[in-house]
Amino acid sequence: VGQELNQYIDILANRGMEWGLLGPREGGRLWQRHVANSLALVDLIGTGLDIADVGSGAGLPGLPLAIVRPDLRVTLIEPLLRRSNFLQLAVDELGLGDRVDVRRARAEECKQTFDVVVCRAVAPLDKLLKWTTPLFGGGQLVALKGESAEDEIRSTSKKLAASGLRAEVL
């Protein structure tokens, strides 16, 4: 697993930066700011589930999760061609094609449902709910958010309640 994570970090540090998926100042922070941040979700996701990573970008958090959790089936959903091409190359190079699928689409275009939807740095919670609720049905949305998480939950509390959903900061 450590070797695969290092291989993914090398892919990010080289092709990810060349293709403009990560900023030039991110090179020294790939592990801490991007990969380790994504791995914070590992224990929040049950065993053997179907996961969708919405707005996957450079594969965060979906690819680190797929690397450390071989029991998961992960679909990386990314609308932009350059990013989805990057994701497919990364999946191929990491040998994850048997359990990781790259889908070039917007979240609202996907008709499949998943046990868990994950996302990182995609949009405010109200927009995320609009885009992702059809994808997780009775499952869950796990969104990596910053300091605004509690404020976003407060501002969407009526929408959450009306949809029969609940949110918490972990």
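Computation of the quantities below employed the complete heavy-atom set of this structure, encompassing side-chain atoms and omitting hydrogens, waters and symmetry-equivalent molecules.
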Heavy-atom neighbours of R82 CZ exceed 12 at 6.0 Å:
yes
Side chains of S84 and L76: does their closest heavy-atom pair fall under 4.5 Å?
no
Anything under 3.5 Å between a donor and an acceptor, one on a side chain of residues 127-136, the other on a protein residue two or more places apart or in another chain? List them.
residue	atom	partner	partner atom	Å
T132	OG1	L128	O	2.6
T133	OG1	L129	O	2.6

Quick one: do V116 and V68 end up in the same hydrophobic cluster if we chain Ile, Leu, Val, Met, Phe, Trp and Tyr together by side-chain heavy atoms under 4.5 Å apart?
yes
Between the side chain of R83 and the main-chain N/O of E78, is any donor-acceptor distance below 3.5 Å?
no
Any non-hydrogen side-chain atom of L5 less than 4.5 Å from a side-chain atom of L39?
yes
Close side-chain approach of L81 and R104, heavy atoms under 4.5 Å:
yes
Do Q88 and D92 have side-chain atoms, one donor and one acceptor, less than 3.5 Å apart?
yes
Is there a side-chain contact between V100 and L94 in this structure, where contact means two heavy atoms from C-beta onward sitting under 4.5 Å apart?
no
Where is the tightest heavy-atom contact between G48 and D71, given as atom of each residue plus distance?
N-OD2, 2.8 Å
For residues N14 and D10, report the shortest heavy-atom separation together with the two atoms involved.
ND2-O, 2.8 Å
Other residues, nucleotides and ligands only: do more than 12 of their heavy atoms fall within 6.0 Å of CD on Q3?
no
Would a 4.5 Å heavy-atom cut-off, applied to side chains only, mark T75 and I77 as touching?
yes
In terms of heavy-atom contacts, I9 and L30 come closest through O-CD1, 3.8 Å
For V118 and L141: C-alpha separation, side-chain torsions, deciding distance, then whether side-chain contact (heavy atoms from CB on, under 4.5 Å) applies.
CA-CA 6 Å; V118 298; L141 168 66; over 6 Å; no
What do you reckon, is CD of E109 surrounded by more than 12 foreign heavy atoms closer than 6.0 Å?
yes
So which atom in R106 and which in E108 form the shortest heavy-atom distance, rounded to 0.1 Å?
NH2-OE2, 2.8 Å
Side chain of R120, backbone of A143: donor and acceptor closer than 3.5 Å?
no
Could you measure the distance from the CG atom of L21 to the CE atom of M17? Nearest 0.5 Å is fine.
10.5 Å
Same cluster for L87 and W19 if Ile/Leu/Val/Met/Phe/Trp/Tyr side chains link at under 4.5 Å?
yes
Taking only residues two or more places apart in sequence or in another chain, which ones pass salt bridge (Lys or Arg N to Asp or Glu O under 4.0 Å) with E93?
R15
Closest heavy-atom contact between D50 and F114?
O-CB, 3.6 Å
Please examine the side chains of R73 and L49, heavy atoms only from C-beta on, and report whether any two atoms are closer than 4.5 Å.
no
Does any donor atom in the side chain of R103 or Q112 lie under 3.5 Å from an acceptor atom in the other side chain?
yes
Enumerate, atom names and distances included, each donor-acceptor pair closer than 3.5 Å involving a side-chain atom of residues 51-67, sequence neighbours excluded.
residue	atom	partner	partner atom	Å
D53	OD2	S56	OG	2.9
D53	OD2	G62	N	2.8

Under 3.5 Å, is there a donor-acceptor pair between the side chain of R69 and the main chain of D43?
no
